[in-house]
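This report concerns only the one structure given below.
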Amino acid sequence: MVAAHAAHSPSSAEWIACLDKRPLERSSEDVDIIFTRLKEVKAFEKFHPNLLHQICLCGYYENLEKGITLFRQGDIGTNWYAVLAGSLDVKVSETSSHQDAVTICTLGIGTAFGESILDNTPRHATIVTRESSELLRIEQDDFKTLWEKYRQYMAGLLAPPYGVMETGSNNDRIPDKENVPSEKILRAGKILRIAILSRAPHMIRDRKYHLKTYRQCCVGTELVDWMVQQTSCVHSRTQAVGMWQVLLEDGVLNHVDQERHFQDKYLFYRFLDDEHEDAPLPTEEEKKECDEELQDTMLLLSQMGPDAHMRMILRKP
């Protein structure tokens, strides 16, 4: 791993110098300096003070150049990370080859990753620095110790299966089709349906397959095509699949035969509002609201899509 040596202001250089010390060599003053700095970092804003204090005792500072592979999909992890500056690409391959890996999202300042070190499961994705990046790193043994001691504080801060997912009023289950959709995902589904009816109404219509008619449904490949065309925050078809999977998990979008995985194929999907025969067409006011909210909706789904896509992959035999 190659470190990038960048210039820092005196104040930032001070806390970095403290982090660069071996944990046993850090004084109480060093820990206070690190603590003061980490309190300002988004990744740690919800951490309990006692937990954050322990992180100050065992964390390490990493400064990496652009294009550095932090770890590869399938590796057994040894560290947990939080992004202090810069950004990193998350790449996933559905084969054993890393050559066909597709970038499904980018991790920015304030994100954290690497919880798989808790049970030594293989890494679910390859992580590569998109630009020069600064990370806080915690080694596996230290992270496990923190987990055992502060589990009640950490469970709500980590990604599934160690953390919990927000699902409206019930936040202790990963969303599935039996759950009531959360309000924000329900709204996202309405926004996308209205946008499609406004911009590409031919996509939602009755379709026939093997002598059977399926009412008011869309085709998976067309939904992916449309998603990629609507916003610059969608960089690949794989990313769009994850975004539609978010809606599928919450039951806001459904496969006509109740399949749990969204696929970029000639398969039929129906919005929740179109499950009813008298589904209303959007009003002009709703169309205007949709235009104002569409990009924020896309951004929300692009942030949630990677986790949904990963759960979809992990459910496969």
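Everything numeric in this text was worked out from a predicted model, so none of it was measured.
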**Asked** Does Tyr269 have any ring pair (Phe, Tyr, Trp, His ring centres under 6.0 Å) partners at least two apart in sequence or in another chain, and if so, which?
**Response** His255, Phe262
**Fill in**
Students should find that the hydrophobic cluster of Ile76, defined by side-chain heavy atoms under 4.5 Å apart, otherwise consists of none
**Request:** Applying side chain to side chain contact (heavy atoms under 4.5 Å, CB included), run through Val252 and Leu192 and close with a yes or a no.
**Result:** CA-CA 11 Å; Val252 176; Leu192 294 182; over 6 Å; no
**Message:** Could you check whether any side-chain N or O of Glu134 sits under 3.5 Å from a backbone N or O of Leu84, counting only pairs where one atom can act as donor and the other as acceptor?
**Reply:** no
**Message:** So Leu70 and Leu135, do their side chains get closer than 4.5 Å, heavy atoms only?
**Reply:** yes
**Intermediate values then yes/no, side chain to side chain contact (heavy atoms under 4.5 Å, CB included), Cys58 and Ile138** = CA-CA 7 Å; Cys58 65; Ile138 299 179; 4.1 Å; yes
**Request:** Under 4.5 Å between side-chain heavy atoms, chaining through other members, with only Ile, Leu, Val, Met, Phe, Trp and Tyr counted: pull out the rest of the cluster around Tyr209, sorted by chain and number.
**Result:** Tyr214, Val219, Val256, Tyr266, Phe268
**Request:** Identify, with sequence neighbours excluded, every residue that meets side-chain contact (heavy atoms from CB on, under 4.5 Å) alongside Arg137.
**Result:** Tyr60, Glu62, Asn79, Tyr81, Glu139
**Item:** Ala188: partners by side-chain contact (heavy atoms from CB on, under 4.5 Å), with sequence neighbours left out
**Value:** Leu247, Thr297, Leu301
**Prompt:** What is the distance from atom CE of Met298 to atom OG of Ser302, rounded to the nearest 0.5 Å?
**Reply:** 9.5 Å
**Item:** Heavy-atom pair of closest approach, residues Arg215 and Asp206
**Value:** CA-OD1, 3.3 Å
**Message:** Could you measure the distance from the CG atom of Leu272 to the CD atom of Glu275? Nearest 0.5 Å is fine.
**Reply:** 6.0 Å
**Item:** Check against side chain to side chain contact (heavy atoms under 4.5 Å, CB included), Leu186 and Asp250
**Value:** CA-CA 8 Å; Leu186 195 60; Asp250 259 50; over 6 Å; no
**Request:** Report yes or no: is the cationic atom of Arg193 (NZ for Lys, CZ for Arg) under 6.0 Å from the centre of the six-membered ring of Phe271, at an angle within 45° of the ring normal?
**Result:** no
**Message:** Nearest 0.5 angstrom please: Ile191 CD1 to Leu300 CG, how far?
**Reply:** 11.0 Å
**Prompt:** Taking only residues two or more places apart in sequence, or in another chain, which ones meet Ser236 in a side-chain contact (heavy atoms from CB on, under 4.5 Å)?
**Reply:** Val102, Thr238, Gln239
**Asked** Salt bridge or not for Arg130 and Asp89, using N-O below 4.0 Å?
**Response** yes
**Ser27 versus Asp30, side-chain donor and acceptor atoms under 3.5 Å** = yes
**Request:** Say whether Lys91 and Thr103, considering side chains only, have a donor N or O and an acceptor N or O under 3.5 Å apart.
**Result:** yes
**Request:** Go through the structure and list residues passing salt bridge (Lys or Arg N to Asp or Glu O under 4.0 Å) with Glu285, not counting sequence neighbours.
**Result:** none
**Complete:** Residues at least two apart in sequence or cross-chain that pass salt bridge (Lys or Arg N to Asp or Glu O under 4.0 Å) with Asp291, listed by chain then number, are Arg199
**Fill in**
Apart from Leu299 itself, members of its ILVMFWY cluster (side-chain separation under 4.5 Å) are none
**Asked** About how many Å separate CG of Leu267 and OG1 of Thr221, when rounded to the nearest 0.5 Å?
**Response** 8.5 Å
**Request:** Can you sort out the partners of Arg207 under salt bridge (Lys or Arg N to Asp or Glu O under 4.0 Å), two or more places apart, ordered by chain and number?
**Result:** Glu222
**Prompt:** Which distance, rounded to the nearest 0.5 Å, do you find between the CG of Leu253 and the CZ of Arg270?
**Reply:** 10.0 Å
**Message:** Applying salt bridge (Lys or Arg N to Asp or Glu O under 4.0 Å), can you list everything that pairs with Glu286, at least two apart in sequence or on another chain?
**Reply:** none
**Item:** Donor-acceptor pair between Glu65 and Thr129 side chains, under 3.5 angstrom
**Value:** no
**Message:** Which residues pass the side-chain contact (heavy atoms from CB on, under 4.5 Å) test with Lys149, not counting sequence neighbours?
**Reply:** none
**Arg123 and Ile117, any side-chain heavy atoms less than 4.5 Å apart** = yes
**Asked** Quick one: CH2 on Trp15 to CG on Asp32, what's the gap to the nearest 0.5 Å?
**Response** 14.5 Å
**Request:** Please report the closest heavy-atom contact between Gly114 and Trp80, naming both atoms and the distance.
**Result:** C-CD1, 3.8 Å
**Request:** Please work out which of the three classes, parallel, tilted or perpendicular, describes the rings of Trp244 and Trp226, given edges at 30° and 60°.
**Result:** tilted
